[in-house]
Amino acid sequence: MINSTLVTEFLLEVFAETWELRLLLSVLFLLVYLGSLLGNLTIVIATTVDQALNTPMYYFLRNLNLSILDVCYVSVTVPNACVNSLTGHRNISVLGCAAQVFLVFFCACVEILFLTVMAHDRYVAICKPLLYPVIMNHQVCVQMTLASLLICLVLASVHTIETFQLSFCHSNVVSQIFCDIPSLLRISCSDDFNNKLLMLLTAIGFSGSCFTFIAISYIHILSTVLRVPVKGERGKAFSTCVPHIIVVSMFFGSGAYVYLRFPGTSQAVHEIAFSVFYTVFPPFLNPIIYSLRNKQINEAVKKVMLKFVFP
């Protein structure tokens, strides 16, 4: 292309212009990051040690939403962003940027599918409790896990390859604290129609179908719960579903804003703020609203702590 330059590295945004504000935000995000690691690893250990929690629900909490995925997801973006802000080192290689794009997109897709699986798990547990051991057996859980990982691996690979086939010129400044597809498309000097079309099709076909499935599941759950005559049981059922709805709303809403907004409709600072809601807060909040409010998991955590303190 005429006047295009070969980009060998990109420049990421930092949290703020002033050092004091960068330091404050970096410390805040590091605390959130450490809280995410501590919360998720605690759930992993507790649900692994306590044999009473070897049910499908806790299988997903341990191996998916509240552990390995969340630890990986938050580790892809937060540590690097904090180091960049503290040191002022904004450079990231093209290969490093491609790796970050792949991992962020992969983790986001897996999160969407696991949120969908969790909705299905709650639907079966509340609407078909007698069939729960049959429908949500261990083999089905493993198959859904592997299928989710495979689907997301393909999607992330396709989007990453398509993005880095574009040419970048005039500017290598990514208006984001980590490399993501929307920010890279804005600084590309190639025709990105196919990329935007692919993103739209993914949003409608993949994210849209998952969101629809979740919504239908909770409509059935709500209908079933409202027919329960005992208020205590009704409240217990709602308490297991509301946290999941909160995470789904925050994740899908912020992700849709960043990935599907029209060009020029928001400033970079707004996009950075919304990206935090689908990359940083879900891994931090998941252990709190899914597990640490659960009596069985609290008891399992206490048992683990007592074993470490009084071996």
Side-chain angles (χ1 to χ4, degrees), residues 1-14 69 72-85 89-113 148-208 251 254-268 270-272 274-276 278-280:
M1 295 183 63
I2 300 175
N3 296 328
S4 66
T5 57
L6 180 62
V7 173
T8 58
E9 64 179 11
F10 295 99
L11 297 177
L12 299 174
E13 291 286 348
V14 291
L69 171 64
C72 294
Y73 198 9
V74 75
S75 297
V76 172
T77 56
V78 174
N80 186 64
C82 290
V83 170
N84 289 349
S85 291
H89 180 77
R90 301 168 56 192
N91 306 60
I92 183 171
S93 66
V94 173
L95 183 60
C97 189
Q100 203 167 48
V101 166
F102 172 82
L103 291 173
V104 169
F105 201 92
F106 174 77
C107 289
C109 288
V110 176
E111 184 89 9
I112 290 172
L113 279 178
S148 299
L149 294 176
L150 180 60
I151 292 171
C152 296
L153 182 66
V154 173
L155 284 175
S157 299
V158 170
H159 278 275
T160 303
I161 292 171
E162 287 295 317
T163 300
F164 284 90
Q165 284 182 343
L166 299 173
S167 298
F168 300 94
C169 56
H170 308 310
S171 175
N172 66 337
V173 179
V174 179
S175 58
Q176 184 58 278
I177 57 176
F178 57 88
C179 284
D180 68 344
I181 295 175
S183 301
L184 290 171
L185 292 183
R186 279 194 291 277
I187 62 173
S188 170
C189 50
S190 300
D191 182 7
D192 58 0
F193 174 79
N194 290 335
N195 298 76
K196 292 179 179 177
L197 179 62
L198 180 62
M199 186 68 69
L200 181 63
L201 292 176
T202 302
I204 296 174
F206 177 74
S207 302
F251 188 85
S254 57
Y257 178 86
V258 172
Y259 277 83
L260 296 179
R261 72 178 184 85
F262 293 101
T265 56
S266 73
Q267 299 176 354
H270 294 156
E271 185 169 322
I272 292 173
F274 273 92
S275 66
V276 169
Y278 73 88
T279 57
V280 179

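- Between L155 atom CG and L198 atom CG the span is 8.5 Å, to the nearest 0.5 Å.
- Rounded to the nearest 0.5 Å, atoms CG (L201) and CG (N194) are 10.5 Å apart.
- With respect to P182, the side chain to side chain contact (heavy atoms under 4.5 Å, CB included) criterion is satisfied by exactly one of L185, D180, L184: D180.
- For the pair T160 and A98, the tightest heavy-atom approach, listed with the atom from each and the gap, is CG2-O, 3.7 Å.
- Judged by distance alone, with hydrogens and angles left aside, the side-chain atoms of S190 form a donor-acceptor pair with the main-chain N or O of S167 at under 3.5 Å.
- Summarising the geometry, atom CZ belonging to F10 is positioned 11.0 Å from atom OG belonging to S183; distances are rounded to the nearest 0.5 Å.
- Side-chain atoms of R90 and V173, non-hydrogen and from C-beta on, do get closer than 4.5 Å to each other.
- At a threshold of 4.5 Å between non-hydrogen side-chain atoms, the residues V174 and E13 do not count as touching.
- Across L166 and S188, no two heavy atoms sit closer than the pair CB-OG, 3.5 Å.
- No donor-acceptor pair under 3.5 Å is formed between the side chain of E9 and the backbone N or O of N91.
- For the pair L12/N80, a side-chain contact is recorded, criterion being any heavy-atom separation below 4.5 Å from C-beta on.
- Here the SG atom belonging to C72 is positioned 11.5 Å from the CD atom belonging to E111, to the nearest 0.5 angstrom.
- At least one side-chain heavy atom of T77 sits under 4.5 Å from a side-chain heavy atom of V104.
- Of all heavy-atom pairs spanning F168 and T163, the tightest one is CZ-O, 3.9 Å.
- Contact check for H89 versus V83: no side-chain heavy atoms found under the 4.5 Å cut-off.
- The shortest heavy-atom contact between Q100 and C179 is OE1-N, 2.9 Å.
- The side-chain heavy atoms of I92 and F178, taken from C-beta on, include no pair separated by under 4.5 Å.
- Scanning all heavy atoms of the two residues, the minimum distance from S93 to G96 falls at OG-N, 3.0 Å.
- For the atom pair CG of L153 and SG of C109, the computed distance is 10.5 Å after rounding to the nearest 0.5 Å.
- Ring geometry, F106 versus F102: the interplanar angle falls under 30°, so the pair is classed parallel (tilted spans 30 to 60°).
- Atom CD1 of I112 sits about 12.0 Å away from atom CD1 of I151, to the nearest 0.5 Å.
- At least one side-chain heavy atom of Q165 sits under 4.5 Å from a side-chain heavy atom of E162.
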